[in-house]
Number of protein chains: 2
Amino acid sequence: MVDKDGFTIAEAVARCGLPESTLRYWERIGLVRPIERDESSRHRRYSHDDVATLETLANLRAVGLSIEDMRTYLAGARRGDEAAGEQRVLFEVHARRLADELNALELRRRYLDLKVQYWSAREVGDLDKAADVAEELGPLIRRINPKDTV
Amino acid sequence: MVDKDGFTIAEAVARCGLPESTLRYWERIGLVRPIERDESSRHRRYSHDDVATLETLANLRAVGLSIEDMRTYLAGARRGDEAAGEQRVLFEVHARRLADELNALELRRRYLDLKVQYWSAREVGDLDKAADVAEELGPLIRRINPKDTV
DNA sequence: TCAAGAACCTGAACCGCTTCAGGTCAAGCT
DNA sequence: AGCTTGACCTGAAGCGGTTCAGGTTCTTGA
């Protein structure tokens, strides 16, 4: 703890919650600008600013933005109010996508619950119940995977 | 429509809803057994059984099973009642995982909604509202990404 | 019957990372 | 000074597919 003029990669990881490998990868592909290096060791030294960016990107990734969308967002954030409309649209699109995913996920959870019940019934040899559950599965499957017509 | 002793890959796709590329990929890695070929053209001909397996796998993939889990499942399904306990556990694990994902997704949706509100406020120059929304974002971010301490 | 276009084929490259192998560097113990 | 341990480095390969390039084969309609 001598100079303290930058965070090590481990410290950056502790702050943004992303794996080291991802930090290196994002730098490699130019999503974040090249990180300064310690003169002697050539190890990365993250600035406060770098870490703030990573924190934001971590959230954006968590909600499902693609690399390209994150690039777009960063560019828009740099332009400020001028790009506010585009930023709003970007987030609206993803909010919408997430709402859809939420519905799909709820169905899938029900499907898995039924699968548990089905194999549970077979486990204890209750074939009547197994048949009942299998019948419940049919209509659900069609809603999960509409192409599945069986 | 001469012989009708098997489905073409396009027909299989229509039934299971998976992309062609995935069908070829799963065959390549041995998740599904090698599909019979038409003698003259070498094109794949899927049996009824093949298609039924693909339909099931499509559902399992949709709910998030890994390739390895799907292999395990197929092996268990072949063993029948004897493996019922293992199958139940497999599905319980995934049902649990999905329930957790559902909670996380709900939080993320709220995060995106706030992001929309934030940029919407900036778009119309309502800085007070933008600041209010930004303040609401803080605690939410900590719940989405606990490592994010800013 | 022959040419065009659709459907299919394979192998390789790409995506967004993660993992692994093999090597460098800094700090602490002996 | 030498040695170990741990953090860090790079480049390459792996994962689960998807996409693309380049080449057959099937179908169809003029």
Side-chain angles (χ1 to χ4, degrees), chain A residues 1-32 34-46 50-51 54 57-74 94 97 145 147, chain B residues 1-32 34-46 50-51 54 57-74 94 97 145 147:
Chain A
M1 203 206 290
V2 190
D3 300 9
K4 202 66 232 172
D5 53 24
F7 302 102
T8 66
I9 196 167
E11 288 166 341
V13 161
R15 273 158 185 82
C16 73
L18 294 162
E20 265 184 45
S21 55
T22 301
L23 266 49
R24 295 201 190 94
Y25 175 67
W26 283 0
E27 185 180 346
R28 183 149 48 93
I29 63 171
L31 175 60
V32 302
I35 303 299
E36 313 281 316
R37 300 304 182 106
D38 177 280
E39 268 311 308
S40 68
S41 68
R42 309 266 69 212
H43 290 186
R44 291 171 178 81
R45 285 301 122 92
Y46 291 81
D50 292 333
V51 172
L54 288 173
L57 291 180
N59 292 136
L60 298 184
R61 191 185 72 154
V63 298
L65 269 73
S66 70
I67 300 274
E68 276 324 297
D69 283 341
M70 292 195 271
R71 278 192 219 278
T72 304
Y73 169 83
L74 288 180
H94 284 283
R97 183 183 47 72
N145 178 6
K147 288 288 174 59
Chain B
M1 205 203 292
V2 189
D3 300 10
K4 201 65 231 172
D5 53 21
F7 301 102
T8 67
I9 195 166
E11 289 165 340
V13 161
R15 275 161 185 80
C16 73
L18 294 163
E20 263 184 47
S21 55
T22 300
L23 266 49
R24 295 203 190 92
Y25 174 67
W26 283 0
E27 185 180 346
R28 181 150 48 94
I29 63 170
L31 175 60
V32 302
I35 304 299
E36 313 280 315
R37 302 302 183 109
D38 178 281
E39 267 312 306
S40 69
S41 70
R42 309 268 66 214
H43 290 186
R44 290 171 179 81
R45 286 300 122 93
Y46 290 82
D50 292 334
V51 171
L54 288 173
L57 290 180
N59 292 137
L60 298 185
R61 191 183 74 152
V63 298
L65 269 73
S66 69
I67 300 274
E68 274 326 296
D69 284 341
M70 291 194 271
R71 279 191 217 278
T72 304
Y73 169 82
L74 287 179
H94 283 283
R97 183 182 49 70
N145 178 7
K147 287 288 172 65

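Keep in mind it's a predicted model, so treat the numbers as computed, not measured.
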- With sequence neighbours excluded, what pairs up with A:Ser41 under the side-chain hydrogen bond (donor to acceptor under 3.5 Å, both in side chains) test? A:Asp38
- Note on the structure: From the candidates D:dG17, C:dG16, C:dC8, the one with an atom nearest any side-chain atom of A:Ile67 is C:dG16
- Nearest-nucleotide pick for B:Arg24, side chain only, options being C:dC9, C:dT18, D:dT10: C:dC9
- Item | Closest to the B:Ala10 side chain, choosing from C:dA7, C:dT18, D:dC8 | C:dA7
- Message: According to salt bridge (charged side-chain N to carboxylate O under 4.0 Å, His left out), who are the partners of A:Glu20, at least two apart in sequence or on a separate chain?
- Response: A:Arg24
- Message: Please confirm whether the shortest side-chain N or O distance from A:Thr8 to OP1 or OP2 of D:dC8 is below 4.0 Å.
- Response: yes
- Item | Residue met sooner reading DNA chain D from 5', once B:Leu65 and A:Arg44 are mapped to nucleotides | A:Arg44
- Item | Closest listed nucleotide, where the reference is the side chain of B:Asp38 and the choices are C:dT18, D:dT18, D:dC26 | D:dC26
- Task: Output all residues satisfying ring pair (Phe, Tyr, Trp, His ring centres under 6.0 Å) with A:Tyr73, sequence neighbours left out; order by chain, then residue number.
- Result: A:Phe91
- Query: Between D:dA7, D:dT18, D:dC9, which nucleotide gets closest to the side-chain atoms of B:Thr22?
  - Reply: D:dT18
- Go along nucleotides 19-24 of chain C 5' to 3' and tag each nucleotide: B for a protein heavy atom under 4.0 Å from its base, S when only backbone or sugar atoms are that close, - otherwise. B-----
- Which nucleotide sits closest to the side chain of A:Glu20: D:dT18, D:dT10, D:dC8? D:dC8
- Taking salt bridge (charged side-chain N to carboxylate O under 4.0 Å, His left out) as the test, write out the residues that go with B:Glu39, two or more places apart. none
- Message: Heavy atoms from C-beta onward define the side chain here; which of D:dC8, C:dT18, C:dC8 lies closest to that of A:Arg61?
- Response: C:dT18
- Task: Rounded to 10°, tell me the angle between the two end axes of the helix from C:dT1-D:dA30 to C:dT30-D:dA1, each built from five pairs.
- Result: 10°
